[in-house]
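Since the structure is predicted, the reported quantities are computational estimates derived from the model, not experimental observations. Counting starts at 1 for both ligands and their atoms, in listed order.
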Amino acid sequence: MSGFCSEMVPLVNNVYARNPISLNGDWHYIVDVQEEGYYDYRRQPMSWGFFRNAKPQKPSDLIEYDFSKSPTMHIPGDWNTQDASLFFYEGTVWFGRDFEYKKKDGVRTLLYIGAVNYDSHVFLNGKEVGAHIGGFTPFNIDVTEEMKDGSNFICIKADNKRSAENVPTLIFDWWNYGGITRDVLLVEVGERYVENYKIRLDNDDLELIHFELNLNKKIRGENVRLRIPELNVNESLQTDRYGSVEKTLRKRAELWSPENPKLYKVYIDYNGMSIEDEIGLRSIKTVGKQILLNGKPIFLKGISVHEEKAYGGGRANSTDDARLLISWAKELGCNYMRFAHYPHNEFAVREAERQGMLVWSEIPVYWTIDWTNTDTYLNAENQLREMITRDWNRCNIIIWSIANETPHGNARDRFLSRLSNYAKSLDDSRLISMAMEVSSASNYVNRLNDNMNKYVDVISFNQYVGWYRDVHDAPKMTWEIPYDKPVIISEFGGGAKYGYHGDKGERWTEEFQENLYKENLAMFEKIDGLAGITPWILKDFRSPRRVLPGVQDYYNRKGLFSDNGEKKLAFYVLRDWYSKR
Ligand code: GCB
């Protein structure tokens, strides 16, 4: 980023508690198929691109774009569902808007962008202030020097073209919704501010609360106050020479759990600002083949879900969107959700936390990643760090997942073991997992044999008996999982078109899916150490890979709910099974 006056700065957490100024709303957009707003005709980046927001100064001036005359769309939001002509579009779109700002002394202005899919360049008043890769995690830029008193122009170039070295890569089974899909905010902080903090319960001693905080500057002796009024915590603390605070408190707190999602109001006061949060206290660990929440074994009655709106599709990004999907999961009897296959928005994680829903959160290291490419690895690491930094304090997240269905091999093992170690270095208080595959299934013996077993706390795998394999095999199956760790079936399922009925042997009927669920659930009873399942999937979701006319129509139909919220027969099978667990 050198050369910018502005700079990408480490992510601040809990951005919504810092009185942000929203830049959401209507933004003008220009679809730029050949990126002529960025590259000249020799494909060299040019200094007079669209980000200059140029206007003719005299009648003879040649300027071949005009943001103010271009159409608008709502930000945050994907372009695919807001402009019918962009439904399948993958490429570059420019977004721009004017906004008013009043500069203040002693205040630094951070531009926080919740997510842009996939590759973004950010410009303020004609200058590039930052860039980011990865479609599902936030980043922030200190734009103090580029901000003007009065009118400002912000412009974001968003490019969602797929490529072999990206994370995710060229192929993936969900819609590649493009654009600025999460909030754009301005956050005003002092010269010295709280970058992030962590509060959690000890995993062994349930009366110990750990607190850690980091300022943006390495300064010793700064006063920070931590208040948790309901627990009579009111601590005045001082930073060490790294600008950090660490403190352990002995308190007997009411523990957070799916049955009792107790959250404590927490206040962190520093430098004239108070950051308020709601924090749940719980412990999570494994012992042998069990997962222990607050010291007690728990069975994870789960469901997988994509970040897609309940009705009509499109990227979800609000508490209301999340509430609806979580309410469906609750109706099923779930206490756990797999947020597939990338970090979901902060509203969803927080709403799940309020509702007592445990969460598996994942980065899109999916299928055939470019395992030997260093940039690809660093990109995955970066997405992992941004996910963990944003959600470190969300007690409902119990598992960080680093990958899904990746092919065995040395290069992949090196990549994933490094990534797992990195995850542990960022957060050793949670469980690490990844969705593996069954390595061989001859003679009805399913063997799990993955070198990554040493790098995960929970063994998870996807299996599709009844869909990609004959359903009649289910009763004959045996399972060999030679690891003393809990086991989660991170996916199973099959497609059905809501309202299409027939024989249980006929694919796409609700009866076929219903029978598949019955056979699979019966089969799971034989899996030693089974600690949870997340069937695939809560709701039908859009995918470009699902083209069968009249049945799929670009939807993966493995949902228990249709894309219009109708329940399929398999819903009731799973609900019954969960009610007995
Ligand atoms: C999988 C993938 C998931 C797909 C699903 C399917 O194993 O992890 O992303 O959507 O199978 O429907 O085939």
Do the ring planes of Trp328 and Tyr311 sit parallel (below 30°), tilted (30 to 60°) or perpendicular (above 60°)?
perpendicular
Could you walk me through whether Trp392 and Asp427 satisfy the side chain to side chain contact (heavy atoms under 4.5 Å, CB included) test, starting with their C-alpha distance in whole Å, then the side-chain angles of each, then the deciding distance to 0.1 Å, before giving a yes or no?
CA-CA 8 Å; Trp392 210 99; Asp427 182 4; 3.6 Å; yes
Ignoring hydrogens and geometry beyond distance, is a side-chain donor-acceptor pair present between Asn80 and Asn176 at under 3.5 Å?
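The criterion, which ignores hydrogens and geometry beyond distance, is not satisfied for Asn176 and Asn80.
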Do any pairs count as a salt bridge (charged side-chain N to carboxylate O under 4.0 Å, His left out) and have a residue in residues 356-383, sequence neighbours left out, and if so which ones?
Arg338-Glu362
Would you say Lys558 and Arg546 make side-chain contact, with heavy atoms under 4.5 Å?
yes
Side chains of Asp528 and Lys289 in contact at under 4.5 Å (non-hydrogen atoms)
yes
Under 4.0 Å from ligand 1, counting heavy atoms only: the protein residues, by chain and number
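For ligand 1, the contacting residues are Asp173, His341, Tyr366, Asn404, Glu405, Asn462, Tyr464, Tyr468, Glu491, Trp536, Phe541, Arg546, Asn556, Lys558.
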